[in-house]
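To keep things clear, I will list the structure first and then write my remarks on it.
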Amino acid sequence: MSEQELKALRVRIDALDTKVLELISERARCAQEVARVKMASLAEGEVPVFYRPEREAQVLKRVMERNQGPLGNEEMARLFREIMSSCLALEQPLKVAYLGPEGTFTQAAAMKHFGHAVISKPMAAIDEVFREVAAGAVNFGVVPVENSTEGAVNHTLDSFLEHDMVICGEVELRIHHHLLVGENTKTDSISRIYSHAQSLAQCRKWLDAHYPNVERVAVSSNAEAAKRVKGEWNSAAIAGDMAASLYGLTRLAEKIEDRPDNSTRFLMIGNQEVPPTGDDKTSIIVSMSNKPGALHELLVPFHDNGIDLTRIETRPSRSGKWTYVFFIDFVGHHRDPLIKGVLEKISQEAVALKVLGSYPKAVL
Ligand SMILES: O=C(O)C(=O)C[C@]1(C(=O)O)C=C[C@@H](O)C=C1
């Protein structure tokens with residue numbers, strides 16, 4: 001390519017950037033107007049609801065449907081995710097608590113769902129995320145709920161039994177683990193590998209094959225593992241991209257998880273009910289009386305109405321020995337007439353039924 005051609009293309013890019021800039025600013029001014037309209041239409045004593053997950057899901061889906069490349073749908077939606085995040089910050093800066101410390105996959109999930117224009121607050125434990133939301137110190141919380149290799153995150157399920165919380169969104173993250181070392185690490189003398197217990201389990205076969213005699217040390221999070229390695233010469237950490245860049249570590253081996261489809265699902269929790277989008281999921285907790293056929297009775301209404309169950313999990317109820325609660329996720333919104341009918345039927349048989357929330361299916 002000649003210098004001349006390159007110069008001409010850059011002139012075109014500059015002109016396009018000016019247009020993109022103008023359009024983004026116009027969009028941001030529109031969002032400010034939206035905020036004004038939301039404030040003006042409030043009834044007395046009503047608090048404004050700026051964040052609208054159902055609308056955000058619609059915007060992102062529309063972008064993906066209309067995108068004609070060459071950028072991929074996910075890439076394009078990620079760009080719009082950030083634009084919307086900044087527009088919302090003009091209306092109201094959202095505060096989001098997540099399972100920390102900084103650099104965890106939960107932080108990455110929070111950024112994937114809300115974008116980077118939020119004020120994020122790392123918490124030391126899942127229960128603290130719930131408490132922070134319940135206390136009104138933040139607008140939303142982000143917690144892991146299940147991993148495709150390791151199963152349910154029981155701390156999260158149990159926290160739902162203790163707190164009244166509304167689920168207002170979900171996000172799935174592909175979890176890639178790397179073996180990370182610091183600049184002082186002597187890579188042929190590694191005698192200890194730090195990581196969270198779940199991550200060590202997700203990389204067990206790889207570790208057996210490559211570092212069979214090295215001590216595996218479980219610590220409170222992958223980010224904590226990365227932090228420790230920074231100051232040591234004989235250790236390595238298993239953690240993801242965010243922790244690697246936060247602590248300036250390098251990748252000795254990449255994507256070492258045993259299952260290439262290793263993913264974790266996270267939930268957004270808050271106090272705000274989300275209206276239907278037409279492509280939603282609902283999460284409920286049900287306890288049944290301890291008698292034969294109780295689980296069957298619970299599942300029949302879903303089957304009879306052709307409702308797609310996406311997950312069922314059992315946990316001890318904490319209110320009596322050998323009594324259980326069921327966590328169930330299914331497709332549909334609790335305001336849909338069909339779902340309403342099913343929930344009514346279940347509540348006739350159940351000891352207790354609680355709708356944790358209906359929310360748009362993850363778009364990204
Ligand atoms: O449509 C709205 O209610 C807006 O506030 C605008 C907007 C956007 O930028 O598109 C911003 C924040 C909301 O969460 C949803 C959408």
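Ligands are counted one by one from 1 in listed order, and the atoms in each one are counted from 1 as well. Computed from a predicted structure; not experimentally measured.
Taking the six-membered ring where tryptophan is involved, the planes of Phe140 and Tyr51 are perpendicular, since the angle between them exceeds 60° and thus also 30°. Below 30°, between 30° and 60°, or above 60°: for Phe160 and Phe130 the angle between ring planes is above 60°, a perpendicular geometry.
Atoms of ligand 1 found under 4.0 Å from any heavy atom of Val34 (numbered from 1 in listed order, with element): 2 (C), 3 (O), 4 (C), 5 (O). Of all the atoms in ligand 1, the ones that sit under 4.0 Å from a non-hydrogen atom of Cys87 are 9 (O). Residue contact check: Met84 has heavy atoms under 4.0 Å from atoms 8 (C), 9 (O), 10 (O) of ligand 1. Listed by atom number, the atoms of ligand 1 under 4.0 Å from Phe50 heavy atoms are 5 (O), 13 (C), 14 (O). Every atom of ligand 1 with a heavy atom of Leu88 under 4.0 Å away is listed here by number and element: 12 (C). Which parts of ligand 1 touch Tyr51 is read off a 4.0 Å heavy-atom cut-off, strictly below it: atoms 14 (O).
Looking at atom 11 (C) of ligand 1, its nearest protein heavy atom turns out to be Glu91 OE2, 3.5 Å. Protein heavy atom at the shortest distance from atom 16 (C) of ligand 1 is Arg55 CG, 3.8 Å. Of the protein's non-hydrogen atoms, Arg27 NH1, 2.8 Å is the one closest to atom 9 (O) of ligand 1.
Heavy-atom contacts from other residues, nucleotides or ligands closer than 6.0 Å to CZ of Phe80 number 12 or fewer. Annotation for Lys255: atom NZ does not count as buried by contact number, only 12 or fewer foreign heavy atoms lying within 6.0 Å.
Contact between Leu179 and Ile256 at its shortest, heavy atoms only, is N-CD1, 4.0 Å.
For the 3.5 Å distance criterion, the side chains of Asp241 and His178 qualify, holding a donor opposite an acceptor.
Between Arg228 and Glu224 a salt bridge is recorded (basic side-chain N to carboxylate O distance below 4.0 Å).
Here the shortest heavy-atom distance to atom 2 (C) of ligand 1, taken over Glu33, Lys38, Glu56, belongs to Lys38.
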